[in-house]
Undergrad: 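Sending over a structure as structure tokens; questions will come in a sec.
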Amino acid sequence: MTIDWAVVTMAIPLLAQGALTSLKIAALAGILGLAGGVALGLISLGGPAPARLVVRGYVDFIRGTPLLIQIFIVFFGLPMLGWRPGEFISGVLALSLNSAAYVAEVVRGAVGSVERGQSEAAKSIGMTRGQILVHVLLPQAIRPMTPALTNDLITLVKNTSLLSVISVYELTRSGQAIIASHFVPLEIFALLALYYYVIISCLAYVSRQLERRLPAW
Amino acid sequence: MVSTALHAPAPPLAVPAAPLLSVRSLRKSYGAREILKGISFDLARGETLVLIGPSGSGKTTVLRCLNHLETPSGGEIRLAGESVGGEPGPDGRWRPLGEAALARQRRRFGFVFQRFNLFPHLSALDNVTIGPRRTLGLSRAEAEARAKAQLARVSLAEHMHKRPSQLSGGQQQRVAIARALAMEPELILFDEPTSALDPELVHEVLDVMRGLAREGLTMIVVTHEMRFARQVADRLIVMEDGAIVEEGVPEAIFTDPSDPRTRRFLTHVLDR
């Protein structure tokens, strides 16, 4: 077997552009997913019963269906609602919706496992459920949440590759384009794997540093 | 002196002032297990009431029911005449208070926990500030001024910027007392405040509590510190098996308990 080095050299900068798009998608979906997930998590911990039920159902649906299907539903569903945001925004939205459900579970787990005496002490000084969540429980849950949130973020980065199916020109899609014109699948897929691996390794490193720096009580 | 008595204005008739807290037939069960079997007592403003009794007799549950950390299964609690936790409706069925109203009522009770339950992510100062700031609506400056005064009152002014994990158990419990005081509650409930402390740290917490009792703070204290109970209590309640077996001034109970169960309990604890 021989490796077509010329194509590899040519592909590296092209893929870097795709990688940039992938990172952009992951960053946007990560922020939206985190914000949405924290909100959903707090609702499922302290919201009114009907809202909790809705969140429960939402999380169950997201976890119980393949992301690929969710992407298609968003991509084909939004135009039916009269909104054609294009494949990039559809993709970001689909990943955000997916990620929010997983983040909600992490938040619920971590906040729920803060010792019961903390809520009782907060109640004893007259705090309401919402105040207890925001001022007492959530700040204490941040550190225990970090490893699980990092996992979710890593999964999110890998999941951006699925947006290739709706023609978002991200890392995987840009690789596929090169394969289509030069017919060197193994080289390109190997290169794609390397790109993802490097990105995710960096993320994991940053997260470990962050975790070390977060205060422990 | 008879002559002065004659010239003095007639003393007011001894009408007992309405109690600050009145508890009637308080009951609590977990499933079929009855923890409190109808507890009734009154507490006057400025009074220090101490609850003693063997472990599992329900003392802690009484305290936790008073500010509704546990929801009572029955009975009535009145704070300055106001029914706590809800009220019977016109049809006689119990109507619990909404969350916000219950939170407002809880502000009128201070609570000091056996295991301190300080907020570990906040400094001592912030632990004391957070209540007045978030629930009483004080400005940051007002809340901090109040918190600093209370920390000074428990002799912790120089430690106010430390986190709970940097403080000893006795210091933590004093911060917890300051946290309760800063809410300016009408009474403070102490749930075995020295039970989780190393023996050599017990006195510093008891000293603070003695001071508070002397200043006329209204308190209910659950404790196993018999000497403290005897010194500080205006009134003592002895509980066993979810009921009050004896109630009275500490001297009488300690020197001449009328109930055989009290006698047995006191023999056990005083022999240690």
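Within every chain, numbering begins at 1; the chains are lettered A, B, ... in the order of the sequence lines, protein sequences first and strands thereafter. It should be emphasised that the depicted structure is a prediction, and the values quoted were computed from it without experimental measurement.
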Undergrad: Between R78(B) and E76(B), does any NZ, NE, NH1 or NH2 come within less than 4.0 Å of an OD or OE carboxylate oxygen?
TA: yes
Undergrad: Can E105(A) and R56(A) be counted as an ion pair, charged N to O under 4.0 angstrom?
TA: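 So E105(A) pairs with R56(A) through a salt bridge.
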Undergrad: Counting heavy-atom pairs under 4.5 Å with chain A, which one of R108(B), Q105(B), R115(B), R106(B) comes out on top?
TA: R106(B)
Undergrad: May I ask you to name which of L118(B), L189(B), V112(B), N67(B) has the most heavy-atom pairs under 4.5 Å with chain A?
TA: L118(B)
Undergrad: Got a salt bridge between R146(B) and E142(B), using NZ or NE/NH1/NH2 to carboxylate O under 4.0 Å?
TA: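 The answer is no: the pair does not qualify as a salt bridge.
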Undergrad: Does NZ or CZ of R64(B) come closer than 6.0 Å to the centre of the six-membered ring of F113(B), within 45° of the ring's axis?
TA: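 Here R64(B) fails the 6.0 Å and 45° test against F113(B).
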Undergrad: Counting only non-hydrogen atoms closer than 4.5 Å, does Q131(A) touch chain B with its backbone (N, CA, C, O), its side chain (CB onward), both, or neither?
TA: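 Just its side chain gets close to chain B.
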Undergrad: For chain A, which of M183(B), Q166(B), E99(B) has the most heavy-atom pairs under 4.5 Å?
TA: E99(B)
